Amino acid sequence: MVEGSDIVTGVTKEDSGRFLRRAVKVEEAQRRVLAAVATQKLASEQVALAESSGRRLAKSLSATSDWPPFARSGLDGYAVRAADTALATPDNPALLRVVASVAAGSVARVTVEQGTAARIMTGAAVPEGADAVVMLEQTAEAILAGGERAALIKAAARSGQNVAPRGEEFRLGSLLAGPGAVLKPGHIALLGTFGYADVPVYRRPRVAVFATGSELLPVRAPLAPGRIRDSNSYMVAAMIKQSGAEPLLYGVLPDEPEAVSAAFAQIREEADIILTTGGVSVGDYDVLADIFRGLDDYCSEPLCNSYRLFNRVAMRPGSPTSAAVIDGKLVIALSGNPSACFVGFELFARPAIRAIQGEMNPFLHSVRATLATDIGKGSPHVRYVRIRLQQSRDGSLIADPLAFSKSSMMASIADAEGLAIIPSGAIGAKAGEQVEVLILP
Ligand code: AMP
Ligand code: MG
């Protein structure tokens with residue numbers, strides 16, 4: 001099941017459709033895939049705050065109070081009126097009568113009048129009248145003649161020092177995060193602060209995956225002659241999860257058009273996006289290739305409900321990667337070769353899954369790096385070469401191509417940190433050349 005070449009001679013008439021698939025450029029294929037999910041909207045749901053990390057916010061959330069909600073002491077010490085300490089030095093400390101001791105969580109019932117201070121702990125509400133907190137290390141305890149407690153303040157305080165004023169960080173109603181934001185630990189802290197015990201998030205997209213191939217065994221099965229285990233389903237499911245979606249695993253289907261069509265009909269009801277692996281090449285049993293060939297040609301009209309987006313992409317590996325809208329749902333048929341399947345997912349499926357969740361820039365980020373070794377072979381199509389990234393002594397990035405990186409091989413997928421983009425051409429690329437590298441999540 002080699003990936004069909006673009007120039008084919010000597011084919012019979014019924015075979016010509018199979019071979020003559022018009023390749024679209026990667027960027028055009030990506031554009032079509034994103035357009036296909038552009039109108040799809042996910043419903044929202046409420047989840048407990050503890051379950052909301054990594055989810056995407058479905059509504060704008062705002063501060064439900066000022067923050068801090070009261071003037072808070074930043075450290076342990078004495079709450080004072082700064083003016084009372086204006087002349088204080090270690091040799092000539094200010095002597096202030098202590099009228100209260102304020103623990104975090106309690107509120108003083110007294111006002112700090114001229115000549116007095118309150119002992120205060122970190123996070124406690126600064127009492128009325130006080131406008132500064134002096135750290136404990138700059139003070140000493142004393143007893144007045146009448147036996148009352150007092151504090152010696154050995155440094156002049158500045159008004160406002162060590163006090164977080166009410167509303168310093170947030171005013172009631174200020175925006176915390178908007179729709180589409182991925183909730184990170186810092187967001188969770190804010191939502192907890194403002195009492196969001198339940199959080200409105202977009203429902204995770206449900207992404208179905210099934211593999212085709214009569215040679216495929218379930219993972220639990222012992223090997224049998226001529227058979228291999230289905231690894232793509234699980235790799236793709238892991239990538240779906242990593243993209244913030246819920247994978248629906250449908251297992252392995254035989255290379256039979258009826259089985260695949262029946263599966264589509266069932267899955268369409270349950271999934272937002274459908275991914276398949278295998279069966280897209282030009283072999284006699286490539287059942288998905290047949291299904292895609294039978295669809296109408298690309299149609300960008302909003303009325304079209306089932307049409308092919310493409311059934312060949314000008315890239316290596318994964319040129320037979322195909323995509324369609326079938327009954328309004330995006331279907332991406334990834335190549336069966338594990339690494340071509342992997343690359344096809346990163347270029348088309350991950351962006352679609354991210355876009356459907358409201359992400360504005362769903363593509364992999366890229367960096368420039370220097371190739372460490374020659375990529376000898378030229379290619380009529382752009383190549384995506386698995387690489388490891390290293391840092392050179394001057395801090396620039398080096399892209400080191402991995403061994404075992406033919407499209408049929410999977411050994412180097414786990415080690416890959418990026419995909420170096422090698423432009424099409426007769427000679428590949430030489431060590432020392434600058435290349436663009438897509439960073440793998
Ligand atoms: P196909 O795209 O169906 O022609 O498959 C291309 C190659 O990938 C063949 O060697 C298949 O045996 C292999 N392959 C197909 N599907 C899977 C899968 N789900 N897991 C692992 N390898 C696969
Ligand atoms: Mg197959």
Side-chain angles (χ1 to χ4, degrees), residues 1-6 8 15 17-19 21 23 29 207-241 247-261 263-264 267 271 273-294 308 310-324 331-349 381 384 386 404-414 416:
M1 319 253 159
V2 291
E3 295 181 356
S5 104
D6 286 335
V8 180
D15 267 350
R18 186 195 288 191
F19 293 113
R21 287 154 52 164
V207 182
V209 50
F210 68 83
T212 69
S214 300
E215 76 277 32
L216 300 175
L217 290 166
V219 170
R220 282 183 193 286
L223 281 179
R227 313 283 300 272
I228 60 169
R229 296 191 185 97
D230 164 29
S231 56
N232 286 348
S233 289
Y234 293 91
M235 176 179 73
V236 169
M239 297 171 92
I240 291 168
K241 255 195 173 162
L248 307 176
L249 274 162
Y250 286 86
V252 177
L253 297 181
D255 295 307
E256 291 159 13
E258 304 74 33
V260 174
S261 296
F264 270 135
I267 295 169
I273 295 176
I274 301 167
L275 304 180
T276 69
T277 94
V280 283
S281 304
V282 293
D284 288 346
Y285 300 99
D286 283 323
V287 58
L288 280 152
D290 292 342
I291 290 174
F292 276 74
R293 199 165 34 244
R308 188 168 60 236
F310 50 84
N311 62 353
R312 188 163 179 81
V313 186
M315 67 177 202
R316 294 262 191 287
S319 57
T321 304
S322 302
V331 178
I332 302 178
L334 300 164
S335 177
N337 280 319
S339 74
C341 175
F342 179 84
V343 169
F345 185 97
E346 291 298 356
L347 294 180
F348 307 111
H381 296 323
Y384 293 85
R386 277 156 280 157
F404 297 108
S405 62
K406 281 191 204 155
S407 86
S408 59
M409 294 176 163
M410 68 178 106
S412 66
I413 299 177

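Quick note: residue numbers are just sequence positions, from 1. Atoms within a ligand are numbered from 1 in the order they appear, just like the ligands themselves. Please read these numbers as outputs of a predicted model, since none were measured by experiment.
At least one donor-acceptor pair under 3.5 Å links the side chain of Asn232 to the backbone N or O of Gly336. A donor-acceptor distance shorter than 3.5 angstrom exists from the side chain of Asp230 to the backbone of Ser233, with no hydrogens or angles considered. Between the side chain of Asn311 and the backbone N or O of Ser322, no donor-acceptor pair lies under 3.5 Å.
Every atom of ligand 1 is numbered from 1 in the order shown, and the set under 4.0 Å from a heavy atom of Thr277 is 19 (N). Atoms of ligand 1 lying under 4.0 Å from at least one heavy atom of Asp286, given by number and element, are 3 (O), 4 (O). Near Glu215, meaning under 4.0 Å from one of its heavy atoms, ligand 1 places the atoms 11 (C), 12 (O), 15 (C).
Taking distance alone, with nitrogen or oxygen atoms compared against 3.5 Å, Asn232 approaches ligand 1 more closely than that limit.
Note on ring orientation: taking the six-membered ring where Trp is involved, the planes of Phe348 and Phe310 are tilted (angle from 30° to 60°).
Compare Val287, Asn337, Leu216 by their heavy atoms: the one nearest to atom 7 (C) of ligand 1 is in Asn337. For the residues Cys341, Gly336, Ser231, the heavy atom positioned nearest atom 15 (C) of ligand 1 is part of Gly336. The option from Leu217, Ile228, Thr212 that lies nearest to atom 22 (N) of ligand 1, judged by heavy atoms, is Ile228. Remark: among candidates Gly318, Gly283, Ala211, Gly279, the nearest residue to atom 1 (P) of ligand 1 is Gly279, based on non-hydrogen atoms.
Ile332 is not listed as a side-chain neighbour of Phe345, based on a closest heavy-atom distance of 4.5 Å or more. Ile228 is listed as a side-chain neighbour of Leu216, based on a closest heavy-atom distance under 4.5 Å.
By the criterion of a heavy-atom distance under 4.0 Å, neither the backbone nor the side chain of Val252 is placed next to ligand 1.
Under the side-chain contact (heavy atoms from CB on, under 4.5 Å) test applied with Asp255, the options Leu288, Thr212, Asp284 reduce to a single match, Thr212.
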